Colleague: 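Would you mind keeping the following structure in view while I ask a few things?
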Amino acid sequence: MLQISRKIMIPDSEIEMSAIRSQGAGGQNVNKVSTAIHLRFDIEASSLPAFYKEQLMKLNDRRITQEGVIVIKAQEYRSQEKNREEALQRLKQLIQSAVILPQKRKPTKPTRSSQKKRLNSKTKRGQIKSMRGQVME
């Protein structure tokens, strides 16, 4: 069971994990042992609430395919168990980040004094620039 929040949990049966060989340098260990973890999680077929599913599908993330499957590859560690934990942690973070809604911006007006300062600085700058012109004799 992967616990997302106090009320929401994902059963292990919905998360498909397979061990694959890691990429990159590593010597004999990387060539012999399948330590990397390839995690797949189908959003639509999951038991997540509808709101979570909608927010996840709205995300513009390269880990989410067109079909709505989250694909995570963890290969940072040399042990399969640590990579499995890392993949599950990344899935949890992705789901949690999708649900946090950004706060709405409250439109504000500039103060009267800030407007005056702005206009004064503009006129002052304009005067400086007009002084740069050719001198008439």
Side-chain angles (χ1 to χ4, degrees):
M1 281 284 218
L2 179 65
Q3 186 155 3
I4 305 299
S5 67
R6 275 188 270 140
K7 295 180 181 178
I8 296 161
M9 294 183 202
I10 299 173
D12 293 335
S13 60
E14 293 180 5
I15 302 169
E16 180 186 322
M17 280 193 268
S18 56
I20 55 173
R21 287 195 182 150
S22 295
Q23 294 176 321
Q28 292 178 350
N29 189 56
V30 82
N31 297 330
K32 293 190 295 186
V33 185
S34 299
T35 55
I37 295 294
H38 195 259
L39 180 144
R40 293 176 65 84
F41 177 71
D42 191 355
I43 298 168
E44 292 300 322
S46 69
S47 61
L48 286 173
F51 175 72
Y52 277 71
K53 290 179 185 180
E54 287 172 26
Q55 294 300 103
L56 279 168
M57 293 304 280
K58 282 182 192 174
L59 275 183
N60 188 17
D61 197 306
R62 60 181 173 81
R63 296 174 289 186
I64 302 174
T65 63
Q66 293 286 327
E67 297 81 37
V69 178
I70 298 173
V71 179
I72 296 173
K73 184 178 180 184
Q75 59 180 8
E76 186 178 343
Y77 301 103
R78 286 178 60 121
S79 75
Q80 196 178 91
E81 191 53 43
K82 280 188 177 180
N83 283 330
R84 180 175 281 117
E85 289 171 15
E86 175 72 16
L88 289 171
Q89 193 63 32
R90 283 195 223 161
L91 175 66
K92 182 179 177 178
Q93 286 174 349
L94 179 67
I95 294 170
Q96 286 175 341
S97 70
V99 178
I100 297 170
L101 296 174
Q103 287 185 345
K104 293 230 174 179
R105 182 188 171 277
K106 294 177 185 172
T108 57
K109 285 185 178 179
T111 60
R112 191 170 284 149
S113 65
S114 70
Q115 287 176 343
K116 281 183 182 176
K117 277 184 197 174
R118 183 177 145 270
L119 293 174
N120 287 340
S121 68
K122 283 170 77 73
T123 53
K124 192 174 181 183
R125 189 78 183 144
Q127 288 171 353
I128 291 169
K129 286 189 172 191
S130 67
M131 298 293 278
R132 290 183 190 158
Q134 289 183 346
V135 178
M136 298 291 182
E137 289 181 32

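Bear in mind the structure is a predicted one, so any value in this text is a computation, not a measurement.
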Colleague: Do the side chains of Val99 and Ile4 get nearer than 4.5 Å, heavy atoms only?
Modeller: no
Colleague: Same cluster or not: Ile64 versus Leu2, using hydrophobic residues (I, L, V, M, F, W, Y) connected whenever any side-chain heavy atoms lie under 4.5 Å apart?
Modeller: yes
Colleague: If you round to the nearest 0.5 Å, how far is OG of Ser97 from NZ of Lys92?
Modeller: 13.0 Å
Colleague: Could I get the full list of side chain to side chain donor-acceptor pair (under 3.5 Å) partners for Ser47, not counting sequence neighbours?
Modeller: Glu14
Colleague: Can you name the residues that form a salt bridge (charged side-chain N to carboxylate O under 4.0 Å, His left out) with Glu67, not counting sequence neighbours?
Modeller: none
Colleague: Can you give me every donor-acceptor pair (side chain of residues 114-121, partner residue at least two apart or in another chain, under 3.5 Å) with its distance?
Modeller:
residue : atom : partner : partner atom : Å
Ser114  : OG   : Thr111  : N            : 3.2
Ser114  : OG   : Thr111  : O            : 2.8
Ser114  : OG   : Thr111  : OG1          : 3.1
Asn120  : ND2  : Lys116  : O            : 3.3
Ser121  : OG   : Lys117  : O            : 3.4
Ser121  : OG   : Arg118  : O            : 2.8

Colleague: Please find the pair of heavy atoms, one from Leu88 and one from Met17, that lie closest to each other, and give the distance.
Modeller: CD2-CE, 3.9 Å
Colleague: Tyr77: which other cluster members, linking ILVMFWY side chains closer than 4.5 Å, directly or transitively?
Modeller: none
Colleague: If you link ILVMFWY side chains whenever their heavy atoms are less than 4.5 Å apart, which other residues fall into the same cluster as Met131? By chain and number, please.
Modeller: none
Colleague: Indicate if Phe51 and Ile100 have the same hydrophobic cluster label, given that clusters are the connected sets of ILVMFWY residues with side-chain heavy-atom separations under 4.5 angstrom.
Modeller: no
Colleague: CG of Asn83 to NZ of Lys73: how many Å apart, nearest 0.5 Å?
Modeller: 10.5 Å
Colleague: What is the distance from atom CZ of Arg40 to atom OG of Ser18, rounded to the nearest 0.5 Å?
Modeller: 8.5 Å
Colleague: Can you see which heavy atom on Ile72 is nearest to which on Ala87, and at what distance?
Modeller: CD1-O, 4.1 Å
Colleague: Would you please name every residue forming a side chain to side chain donor-acceptor pair (under 3.5 Å) with Gln75, sequence neighbours left out?
Modeller: none
Colleague: Mind checking whether Leu56 and Met9 sit in one hydrophobic cluster, side chains of I, L, V, M, F, W, Y counted as touching below 4.5 Å?
Modeller: no
Colleague: Give, for atom CD of Gln55 and atom NZ of Lys58, the distance between the pair rounded to the nearest 0.5 Å.
Modeller: 4.5 Å
Colleague: Starting at CD1 of Ile70, measure out to CZ of Arg63 and round the result to the nearest 0.5 Å.
Modeller: 8.0 Å
Colleague: Honestly curious: do Ile20 and Ile15 fall in one hydrophobic cluster under the side-chain, below-4.5 Å linking rule?
Modeller: no
Colleague: In sequence, state the C-alpha distance, the side-chain angles, and the governing distance for Ile10 and Ile95, and then conclude on side chain to side chain contact (heavy atoms under 4.5 Å, CB included).
Modeller: CA-CA 11 Å; Ile10 299 173; Ile95 294 170; 3.5 Å; yes
Colleague: Test side chain to side chain contact (heavy atoms under 4.5 Å, CB included) on Leu48 and Phe41 and set out the steps.
Modeller: CA-CA 11 Å; Leu48 286 173; Phe41 177 71; 3.9 Å; yes
Colleague: According to a hydrophobic-cluster definition based on side-chain heavy atoms being under 4.5 Å apart (Ile, Leu, Val, Met, Phe, Trp, Tyr only), do Ile37 and Met1 belong together?
Modeller: no
Colleague: Could you tell me whether Arg90 and Glu86 have a side-chain N and a carboxylate O separated by less than 4.0 Å?
Modeller: yes
Colleague: Does the salt bridge (charged side-chain N to carboxylate O under 4.0 Å, His left out) test come out yes or no for Arg84 and Glu81, once each step is laid out?
Modeller: CA-CA 5 Å; Arg84 180 175 281 117; Glu81 191 53 43; 3.4 Å; yes
Colleague: Between CG of Asp42 and NZ of Lys53, what distance do you get to the nearest 0.5 Å?
Modeller: 9.0 Å
